[in-house]
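The block underneath contains the structure these notes are about, expressed in structure tokens.
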Amino acid sequence: MVLAAFIPLMISSAKVAIAARRRAVAERAAGTAPTDRTGATAAESSRRGMGTAAQFLAGVLTVLLTIAAGIAVSPQSAGFSLTGSNRSSAEGTGETTEVRMHAQQDMRFDPSEIRVPQGNRLVIHLTNDDPTTVHDLVVANGATSGRLDPGASATVDVGVITDRLEGWCSVIGHRSMGMTVDVIPVDAQGQEVTATGTDGAHGSHGHAEHTGTDPAQAADLNAAPGEGFTTRSPELAPASNETVHRMTLDVQEVAREVAPGVTQDVWTYNGQYMGPTLRGKVGDAFEITLTNGGTMGHSVDFHAGDISPDQAMRTIAPGESLVYRFTAHRSGIWLYHCSTMPMSSHVAAGMFGAVIIDPPNLPSVDREYLLVQSETYLAAPSPDQPGLPEGVNAVVDPEKIAAKQPSFTMFNGHATQYMHDPLTARPGERVRIWVLAAGPSEGLSFHVVGGQFDTVYTEGAYQLSPDGPGNPGGTGGAQALNLAPAQGGFVELHFREPGTYTFVNHSFAEAERGARGLIRVQE
């Protein structure tokens with residue numbers, strides 16, 4: 001546009017200058033030199049006109065030189081390519097490649113590879129065929145479908161394809177399970193075109209779920225929970241006399257503090273990291289209503305029930321509900337958790353809890369507590385994660401889960417709560433502590449510093465008791481309760497003297513990540 005405007009202006013300026021020169025020559029030949037209104041002669045006016053034209057020309061040339069310099073620095077920004085045969089690809093061929101893609105229930109895109117003639121515009125028509133779970137498509141160049149409910153569709157204009165691009169589902173865990181697509185530019189022979197190194201190149205993105213640092217690195221695990229945090233009571237009420245237990249588990253995706261200064265995007269039953277505890281006796285019936293108030297598919301699996309998982313444990317879409325019924329046929333402490341894939345991410349995000357079915361003739365004790373250990377694996381949120389609750393600075397990182405690199409290992413959903421709000425007892429009281437390893441991947445060796453267990457119950461059976469047949473004289477004791485992921489039991493002990501006793505996961509790396517607390521024994 002600048003060049004087009006410059007040419008007629010240059011011609012017009014030249015004509016004016018030539019006419020002025022001819023008048024000046026004629027005036028000198030006639031011996032006259034008329035002046036203009038400013039008192040200047042025609043020759044002087046001509047020189048002024050030529051000077052103005054020269055200034056205008058200099059300005060236009062400056063603009064042209066600036067544009068030329070910009071193109072020299074970044075030819076791609078002006079639609080130029082300096083890569084030989086790819087010279088016209090950035091401007092595009094003017095043709096469009098349209099592809100129909102389906103998000104499937106097995107955490108896959110179909111197709112998972114799209115080959116596009118280089119320079120063509122790519123338009124993807126995406127349909128979510130997963131009947132239970134929301135999905136989306138995010139492309140490395142920023143194009144996105146937005147979240148799609150089951151059965152919904154969207155059109156994604158990816159733009160002109162010049163280099164290889166990666167796309168993925170941004171719902172946490174879906175990308176790490178293989179829900180990705182490769183967009184590959186090809187030449188006229190159908191061969192892949194070597195990437196030119198632009199920001200959308202496949203190699204610069206890889207398959208990382210998150211690129212942010214772990215917010216846990218800045219957490220102070222000696223600090224008290226933040227203002228507004230409420231310690232979860234570890235006290236356990238006795239089983240009621242009811243024989244039918246009804247409860248609603250409402251799935252909510254909210255922000256919760258899991259350590260001082262770290263607020264995680266958690267997926268919960270009834271709004272808390274670690275769902276409510278259920279307790280009953282052998283033969284009791286349980287009727288659980290699950291409602292999905294979240295933004296993705298969720299479910300629940302009760303280990304305390306021995307029923308077919310096909311219907312009761314199925315994933316339900318946002319807004320749906322189901323009723324889960326089972327009868328407790330065996331005693332023990334049982335895990336329940338979300339069984340929607342990837343299960344590890346859903347458990348690490350807070351979707352787990354405990355069901356306690358008392359052994360027959362369980363003796364009464366002075367105090368009874370519940371401690372459920374879990375671990376979470378965190379990263380800073382990615383820009384392509386929409387709709388996070390306000391205040392969140394951490395989300396579950398599936399890659400850390402796969403690498404078994406916990407950010408925090410916690411009892412009852414927070415890394416420091418029981419260091420600052422201890423359990424309590426009096427000297428001589430009998431204390432029972434139920435313990436469950438919720439995982440998703442780590443077990444524990446539960447130990448009370450300064451305490452000894454005279455009773456150990458693991459996975460439905462007494463391993464040690466004061467009057468048990470395997471404990472002649474009742475002098476046997478235990479120092480740790482060893483549990484693999486999803487296992488549970490209880491220990492009993494009494495404290496001989498006042499003091500502050502620390503309970504830990506004796507796998508000390510886990511204790512140093514938060515799996516510890518205090519028992520304050522006072523008269």
**Report entry** Stepwise side-chain contact (heavy atoms from CB on, under 4.5 Å) test for Asn471 and Leu464
**Finding:** CA-CA 7 Å; Asn471 185 14; Leu464 175 69; 3.8 Å; yes
Report summary line: Only one of Ser308, Ser339, Cys338, Ser299 passes side-chain contact (heavy atoms from CB on, under 4.5 Å) with Met313, and that residue is Ser339
Report task. Would you mind reporting whether Asp306 and Thr327 have side-chain heavy atoms less than 4.5 Å apart? Result -> no
Report task. State, yes or no, whether a side-chain contact exists between Met410 and Ser374 at a heavy-atom distance under 4.5 Å. Result -> yes
Query - Heavy-atom side-chain contact between Tyr377 and Val395 under 4.5 Å - result: no
Requested in this report: Take Arg175 and Glu166 through the salt bridge (charged side-chain N to carboxylate O under 4.0 Å, His left out) test and state the conclusion after the steps.
Outcome: CA-CA 11 Å; Arg175 184 179 186 181; Glu166 184 185 16; 3.3 Å; yes
Query raised in the report: Are any side-chain N or O atoms of Lys400 and backbone N or O atoms of Pro406, one a donor and one an acceptor, separated by less than 3.5 Å?
Result: no
Query raised in the report: Passes side chain to side chain donor-acceptor pair (under 3.5 Å), Thr291 versus Ser321? Steps please.
Result: CA-CA 4 Å; Thr291 63; Ser321 64; over 6 Å; no
Query raised in the report: Has the side chain of Asp358 got a donor or acceptor atom that lies under 3.5 Å from a matching backbone atom of Gly332?
Result: no
Report task. Answer yes if the side chains of Thr340 and Thr315 hold a donor-acceptor pair under 3.5 Å, and no otherwise. Result -> yes
Query raised in the report: Going by atom types alone, do His125 and Thr155 pair a side-chain donor with an acceptor below 3.5 Å?
Result: yes
Query raised in the report: Can we call the ring centroids of His346 and His337 under 6.0 Å apart?
Result: no
Query raised in the report: Ignoring hydrogens and geometry, is there a side-chain-to-backbone donor-acceptor pair from Asn505 to Ser445 under 3.5 Å?
Result: yes
Query - Donor-acceptor contact below 3.5 Å, side chain Asp129 vs main chain Gln104 - result: no
Report task. Enter the distance from Met179:CE to Leu137:CG here, rounded to the nearest 0.5 Å. Result -> 9.0 Å
Query raised in the report: Distance from Leu126 atom CG to Ser145 atom OG, nearest 0.5 Å?
Result: 5.0 Å
Query raised in the report: Is the side chain of Asp310 donor-acceptor paired with the backbone N or O of Arg314 at a distance under 3.5 Å, no angle test?
Result: no
Report task. Return yes if some donor-acceptor pair links the side-chain N/O of Asp157 with the main-chain N/O of Val123 below 3.5 Å, else return no. Result -> no
Query raised in the report: Side-chain contact, heavy-atom cut-off 4.5 Å: Asp182 with Arg164?
Result: yes
Report summary line: For Gln373 and Ala515 the tightest heavy-atom approach is OE1-CB, 3.9 Å
**Report entry** OG1 on Thr180 to CH2 on Trp168, rounded to 0.5 Å
**Finding:** 10.0 Å
Query raised in the report: When you measure from the side chain of Asn482 to the backbone N and O of Ala484, does any donor-acceptor pair fall under 3.5 Å?
Result: no
Query raised in the report: Should Phe352 and Tyr336 be marked as a ring pair (Phe, Tyr, Trp, His ring centres under 6.0 Å) after you check the CA-CA gap, both sets of side-chain angles, and the distance that decides it?
Result: CA-CA 5 Å; Phe352 62 89; Tyr336 72 86; 8.3 Å; no
Report task. Over 60° means perpendicular and under 30° means parallel, so classify the ring planes of Tyr324 and Phe326, tilted if in between. Result -> perpendicular
Query raised in the report: Does the pair Met351 and Tyr269 meet the rule for a side-chain contact (heavy atoms from CB on, under 4.5 Å), with working shown?
Result: CA-CA 6 Å; Met351 300 193 78; Tyr269 298 117; 3.6 Å; yes
Query - Asn292-His298 side chain donor-acceptor pair, cut-off 3.5 Å - result: no
Query raised in the report: Looking at side-chain heavy atoms only, is the closest gap between Leu388 and Pro381 below 4.5 Å?
Result: yes
Query - Stepwise side-chain contact (heavy atoms from CB on, under 4.5 Å) check, Val323 with Ile288 - result: CA-CA 6 Å; Val323 178; Ile288 309 301; over 6 Å; no
Query - Test: Arg430 and Asp454 ion pair at under 4.0 Å - result: yes
Query raised in the report: Could you state the interatomic distance from NE2 (His135) to CE (Met296), rounded to the nearest 0.5 Å?
Result: 10.5 Å
Query raised in the report: Between the side chain of Tyr369 and the main-chain N/O of Thr424, is any donor-acceptor distance below 3.5 Å?
Result: yes
Report task. Drop me the distance from Leu221's CG to Met419's CE, to the nearest 0.5 angstrom. Result -> 10.0 Å
Query - Thr455 versus Ser465, closest heavy-atom pair with distance - result: OG1-CA, 4.2 Å
Query - Ser170 and Asp136: CA distance, side-chain angles, deciding distance, side chain to side chain donor-acceptor pair (under 3.5 Å) verdict - result: CA-CA 6 Å; Ser170 72; Asp136 64 11; 2.5 Å; yes
Query - Minimum-distance pair of heavy atoms, taken over all atoms of Ala154 and Leu148 - result: CB-CD2, 3.8 Å
Query raised in the report: Under 30°, 30 to 60°, or over 60°: which ring-plane class applies to Phe503 and Tyr418, parallel, tilted or perpendicular?
Result: tilted
Report task. Apply the test side-chain contact (heavy atoms from CB on, under 4.5 Å) to residues Ile184 and Glu113: give CA-CA distance (whole Å), side-chain angles for both, the deciding distance (0.1 Å), then the verdict. Result -> CA-CA 7 Å; Ile184 302 173; Glu113 180 180 286; 3.6 Å; yes
Query - Non-hydrogen atoms of Leu236 and Trp434 that approach each other most closely - result: CD2-CD1, 3.4 Å
Query raised in the report: Would you say Leu249 and Thr289 make side-chain contact, with heavy atoms under 4.5 Å?
Result: no
Query raised in the report: Are Glu375 and Thr409 close enough that a side-chain donor and a side-chain acceptor fall under 3.5 Å?
Result: no
Report summary line: For Thr133 and Asn128 the tightest heavy-atom approach is O-ND2, 2.9 Å
Report summary line: Scanning both residues in full, the closest heavy-atom pair of Thr416 with Ala223 reads OG1-O, 3.1 Å
Query raised in the report: With a cut-off of 6.0 Å (strictly less than), are more than 12 heavy atoms of other residues, nucleotides or ligands near CD of Glu390?
Result: no
Query raised in the report: Does a salt bridge link Glu429 with Arg367, judged by any charged N lying under 4.0 Å from a carboxylate O?
Result: yes
**Report entry** Under 3.5 Å donor-acceptor, Gln522 side chain and Arg426 backbone
**Finding:** no
Query raised in the report: Distance from Ile357 atom CD1 to Lys281 atom NZ, nearest 0.5 Å?
Result: 10.0 Å
Requested in this report: Could you tell me whether the side chain of Phe453 reaches within less than 4.5 Å of the side chain of Val448, counting heavy atoms only?
Outcome: yes
Report task. Only pairs at least two apart or in different chains count here, so list each ring-ring contact (aromatic ring centres under 6.0 Å, His included) that has a residue in residues 233-256. Result -> His245-Phe286
Requested in this report: Tell me, please, which residues at least two apart from Glu368 pass salt bridge (Lys or Arg N to Asp or Glu O under 4.0 Å).
Outcome: Arg279, Arg432
Report task. Would you list the pairs meeting salt bridge (charged side-chain N to carboxylate O under 4.0 Å, His left out) in which at least one residue belongs to residues 228-257, sequence neighbours left out? Result -> Arg246-Glu287
Query raised in the report: How about His414 and Phe229: do any of their side-chain heavy atoms sit closer than 4.5 Å?
Result: yes
Query raised in the report: Does Gln417 use its side chain to pair, donor to acceptor, with the backbone of Asn412 at less than 3.5 Å?
Result: yes
